[in-house]
There are 2 protein chains.
Amino acid sequence: MLPNDVKNIFRNYIREKGLRNTRQREEILDAFFSAEKHITVEKLFASIKAKNPGIGYATVHRNLTLLCECGLADEMKIGRQKTRYEPKFGQKHHDHLICLKCGRFIEVNDNKIEKLQDKLAELNDFIPVRHKLEIYGICKDCK
Amino acid sequence: MLPNDVKNIFRNYIREKGLRNTRQREEILDAFFSAEKHITVEKLFASIKAKNPGIGYATVHRNLTLLCECGLADEMKIGRQKTRYEPKFGQKHHDHLICLKCGRFIEVNDNKIEKLQDKLAELNDFIPVRHKLEIYGICKDCK
DNA sequence: TTATTATTGATAACAAATATCAATATCAAG
DNA sequence: CTTGATATTGATATTTGTTATCAATAATAA
């Protein structure tokens, strides 16, 4: 079961934007937060369709976009793979170690690196807004 | 004019692989290293076509891939934009500050960050191979 | 010079993301 | 609770960027 706060953020966003809540939206929200992290539209669609064969691909896609807009998801494109979506709620920003063999994502965080990044930006007269750090390599299980 | 070393790397790679050199390949190599950095296939194609209307899109695309293979180019995908190619020769690895307003790329490097990344990987029993750091924000001209 | 075969250029095929649209569902207002 | 306006859905078409196909051509070694 997912935290009520998540549902509230979602419902409030919908209300504020003058959108409407639907059975499908709730379903997609639930499924997305229970599913594996870094999921593709295709996989999420399949998992929802298993319980509700009526669901449409476009609906899942559209609502993942909506989740990104309201800050509950992050879109990530890795190389030539299809777009993945990562649920986001409360948790701190993190970077990724990505295994070149098995494709596994490991979430990591290093405050020193973050600070140095800000310094690096400042040095270039650049106002940092967000960043993305991906380290590609071989994970411990694939060594 | 581009350094002879670049041409030699290219020609040697072609020879070693049992490929053949062509007028188009030389043209694309020249154009790529004279063009703006982080160029798309489309733009490079257009700029070559201006001088040589006979050139084909597929040829440009194929040979950018070839340049990546021989280490003279890097492919980069930013968000939902089309793939960009960055000429690479001699220069050290670098990261990018990317302006959210004008789209400008600023190349930066920080040795401390690189070292901390290696440490971070090691901490997770992960062998780093390469990485990508992109800081998105507002550049000094767009403030 | 010739034979072999890699390359080219035009275009088809492909895959993922996005747009279209008639049918349906939501929800505010009465 | 009903109703009307209109947002959403689901199926599918379209678009977009990338990659594959293939006959004609061109590069290289013998």
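The basis for the numbers below is simple: all heavy atoms, side chains too, and nothing from hydrogens, waters or symmetry mates. Reminder, nothing fancy here: chain letters follow the sequence lines and each chain counts from 1.
Contact annotation: Q24(B) side-chain N/O to dT7(C) OP1/OP2 distance is not under 4.0 Å. Taking only side-chain nitrogens and oxygens, R23(A) never comes nearer than 4.0 Å to OP1 or OP2 of dA25(C). Of the side-chain N and O atoms in T83(A), none sit less than 4.0 angstrom from OP1 or OP2 of dA16(C).
T22(B) comes within 4.0 angstrom of the backbone, heavy atoms only, and of no base.
Listed candidates were dT12(D), dT8(C), dT9(D). Nearest to the side chain of R62(B) is dT8(C). Taking only side-chain atoms of K82(B), from C-beta outward, the nucleotide of dC27(C), dG17(D), dA17(C) with the closest atom is dG17(D). Comparing atom distances between the N63(A) side chain and each of dG9(C), dT18(C), dT9(D) picks out dT9(D) as nearest. Relative to the side chain of L19(B), the nucleotides dG10(D), dT7(C), dG9(C) differ in distance, and dT7(C) lies closest. Taking only side-chain atoms of H61(B), from C-beta outward, the nucleotide of dG10(D), dT8(C), dT18(D) with the closest atom is dT18(D). Nearest to the side chain of I55(A), among dG17(D), dG10(D), dA6(C), sits dG10(D).
In the displayed structure, K43(B) atom NZ is contacted under 6.0 Å by at most 12 heavy atoms of other residues, nucleotides or ligands. With a 6.0 Å radius and a threshold of 12 heavy atoms from other residues, nucleotides or ligands, K49(B) has its NZ atom above the threshold. Within 6.0 Å of NZ in K51(A) there are 12 or fewer heavy atoms belonging to other residues, nucleotides or ligands. The number of heavy-atom neighbours closer than 6.0 Å to NZ of K115(A), taken from other residues, nucleotides and ligands shown, is 12 or below.
Between A58(A) and Q81(B), it is A58(A) whose nearest contact on DNA chain D lies nearer the 5' terminus.
One atom, CD1 of I28(A), and another, P of dT8(D), lie 12 Å apart when rounded to the nearest Å. Per the geometry, CG belonging to L64(A) stands 10 Å off P belonging to dA17(C), to the nearest Å. Look at CD1 on I48(B): it is 14 Å from C1' on dG9(C), rounded to the nearest Å. When rounded to the nearest whole Å, the span between CZ of F45(B) and C1' of dG17(D) equals 14 Å. Between N52(B) atom CG and dA26(D) atom P the separation is 13 Å, expressed in whole Å. Between the NZ atom of K77(B) and the P atom of dT19(D) there is a distance of 7 Å, given to the nearest Å. The distance between atom CZ of R15(B) and atom P of dT5(C), rounded to the nearest whole Å, is 19 Å. Rounded to an integer number of Å, the gap from N21(A) CG to dC27(C) C1' is 11 Å.
In this model, a side-chain donor or acceptor of R20(A) finds a partner on the base of dT6(D) within 3.5 Å. Looking at R80(B), its side chain has no donor and acceptor atom pair within 3.5 Å of the base of dG17(D).
Applying side-chain hydrogen bond (donor to acceptor under 3.5 Å, both in side chains) to H96(A) and the options H38(A), K132(A), E134(A) leaves one that passes, H38(A).
Under a 3.5 Å cut-off, the side chain of D110(A) and the backbone N or O of K112(A) do form a donor-acceptor pair.
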